[in-house]
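What you are looking at is a predicted structure, and each value in this text was computed from that prediction instead of being measured.
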Amino acid sequence: MAEENNQYTFESETYRKTYWHTCSHVLAQAMKRLHPEVKLAIGPSIDNGFYYDFDTPEPFTEGQLAELEAEMRKICKEKLKLERFELPRAEAIKFMEEKGEPFKVELIHDLPEDAVISFYRQGEFTDLCAGPHLDSTGRIKGNAIKLTACNAAYWRGDSNRETLQRIYGVAFPKKDELDEYLAKLEEARKRDHRRLGRELGLFMLRDEGPGFPFFLPKGMTLKNTLLDYWRRVHKKYGYVEISTPIMLNRQLWERSGHWDHYKNNMYTTVIDDVDFAVKPMNCPGGMLVYASEPHSYKELPLRVGEIGLVHRHELSGALHGLFRVRCFNQDDAHVFMTRDQMQDVIQETVRLFDEVYSVFGLSYTIELSTMPEDHIGTVEEWERNQDILKAAITAMGKDFVVNEGDGAFYGPKLDFHLADSLGRTWQCGTIQLDSQLPERFELEYTGEDGQKHRPVMIHRVVLGSIERFIGVITEHFAGAFPAWLAPVQVKLLPVTDRAAEYAEAVSARLDAMGFRVEVDGRNEKIGKKIREATLEKIPYMLVVGDRDMENGTVSVRHRSGEDLGAMSLEEFAALLGNEVKEMTIK
RNA sequence: GCUAGCGUGGCUCAAUGGCAGAGCACAUCACUCGUAAUGAUGGGGUUGUGGGUUCGAUUCCCACCGCUAGCUCCA
């Protein structure tokens, strides 16, 4: 490895991860020098940096990070050689016991019998590690290391085990690159949807209802515009829409399996001595609708959509703006079909996803989640369904990664993780294959043969949660929504009071054409009105003054700062109309 | 839920064991102005909630509520 280092650059993921992994060892070494009593857990590289978990009597403070960074810089300057060596199991355990590292001992115990147990030594510091590593701490640029956070983490991610202190860090071969990275994080903070949501008047959260978002007028317009698009695109793909009750009795939830498998997350109540639960999912209601009348094979696949408001009691610590809430609208749909239709339906659904995501300029990665420990149905059924999902997307030439044991309790699923413009990903779409609920609700259709058959179904959402999706696109567009989606598309800015009436008249005409328009009739200077409309990220500003009144024009300015000059209202309406139309159904 | 940090006008943030302050926003008045902030004046706070320590608490202590970060990446 060492001699090959020169061939590698920081652009290579392998080299980057090796670099960061060695950084984590340097961090651990610095920790041991400053705080010998601290016990070492694990310290891997991650997608953007590295961390190390420590067991410490006293949690760390931000101030200590600077001290650790300084010690790390020292270690880099010392140019310590990293040397790998192996030990037989018993000796490895003894070695770590003597060093007083109980977590390392546990790790060695859990390694398979035939595992090679390797260590890396740098100066006075040695760590259990599979490697690989850089050949010297001198290869790390000391002043381009930044310890970014210290936080708690459970040993082995298990909430029943020890709480460790995790220190996160990031490092680059050049100081400039570190600064650039930190600037990018700062940029990300500026487009945080929680901040933009408040600044743009989209939504709010209150102590009175943690995790229950309130939508404000602008946010509601955005949401309705989004749903309007959703309905049009689903109509095109042959969906019908229903709405099912928000609360249903216990018996139903027992039948669906939710009462047994999902009760901890459900809001329940008692009405007239009967247990009720607020729905955490829409499916059981959808089952009742399907079962309410007989079906023929000729109707299949039957695509039934529902924008359903669901409530889930998420852990308080998991709440996060609109990304993780306790009540949200799913753009749900259930597609009922024959076994033969499964692959086609899955592919058709993926095509629908592609169309929708492309409208927003969002790309995605797919994860296949397989059978969890807590599940219903047979292993054979699960495997068969997993194979169908795999086959369907493979045939479409799509890549996916497998997420073992992360399926829903009733079936395997394909999860679509959307990347925002900063490369962070959020799970939005999902396609879940389910042959359990049709069984439990005894769903049937009459086949060509005149016999009753059991359909299979998928549960699927494209946007996922309307709330989360709004959060994702708010950050993706940094609040500057495309014109078709912007809560306000046009703002009239009269230069003086003399133009107020004219502005109102223009506004009324645009409104009649179906555009979302506002007038800034305040007695303020035009510069101020422009500044504020720009900060509101309204796509078009129409400046109107004496000149425009005389000529019957509007002076158009884009939020980007571009001055499009004076034009007739008809010309402007055509311009905006085209821009809006481009983004609608193809 | 756990660990740590935080909670001061609508927002962003000062300050202090001894009268709580600024900018923005808001209101009023003047200015009627052509492409990113006109000026003046004014109103607005039981410092998250409840308890405790103290002559005195917004500040110190305790509890609760809420928020923020992490708890997925595994030598």
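Here the two rings, on A:F409 and A:H261, have centers that are under 6.0 Å apart. Annotation: A:Y540 is in aromatic contact with A:F572 [ring centroid separation under 6.0 Å].
Within the structure, a side-chain polar atom (N or O) of A:R194 is placed less than 4.0 Å from OP1 or OP2 of B:U68.
When distances run from any side-chain atom of A:L107 to the nucleotides B:G70, B:A75, B:G34, the shortest one goes to B:A75. Looking at the side chain of A:E524, the nearest of the listed nucleotides B:G66, B:U38, B:G34 is B:U38. Checking B:U3, B:C33, B:G34 against every side-chain atom of A:R498, the shortest atom distance belongs to B:C33. When distances run from any side-chain atom of A:T163 to the nucleotides B:U35, B:U3, B:A75, the shortest one goes to B:U3.
As rounded to whole Å, 15 Å separates atom C1' of B:C74 from atom CD of A:E162. Counting to the nearest Å, the P atom of B:C73 and the CG atom of A:D406 are 12 Å from each other. The CG-C1' distance, from A:L319 to B:C2, rounds to 14 Å in whole Å. Note: CG (A:D53) to P (B:C73) measures 10 Å, nearest angstrom. Nucleotide B:G34 holds its P atom 14 Å from the CD atom of A:E550, rounded to whole Å.
Across the C1' atoms, B:G9 and B:U58 are found 14 Å apart, a figure rounded to whole Å. As rounded to the nearest Å, B:G23 and B:A15 have C1' atoms that lie 15 Å from one another. To the nearest whole angstrom, the two C1' atoms, one in B:C64 and one in B:G7, are 14 Å apart. Going from the C1' atom of B:A69 to that of B:A75 covers 26 Å, rounded to whole Å.
Comparing A:E532 and A:L315, the nucleotide of RNA chain B nearest to each residue sits closer to the 5' end for A:L315.
A donor-acceptor contact under 3.5 angstrom links the side-chain atoms of A:D497 to the base of B:U32. Side chain A:Y51 to base B:G70: no donor-acceptor pair is found below 3.5 Å. The base of B:G34 lies close enough to the side chain of A:D548 for a donor and an acceptor atom to sit less than 3.5 Å apart. A donor N or O paired with an acceptor N or O is found under 3.5 Å between the base of B:A36 and the side-chain atoms of A:R557.
Among the heavy atoms of the strands, none lies under 4.0 Å from A:L493.
A:E524 CD to A:L493 CG: the interatomic distance, rounded to the nearest 0.5 Å, is 12.0 Å.
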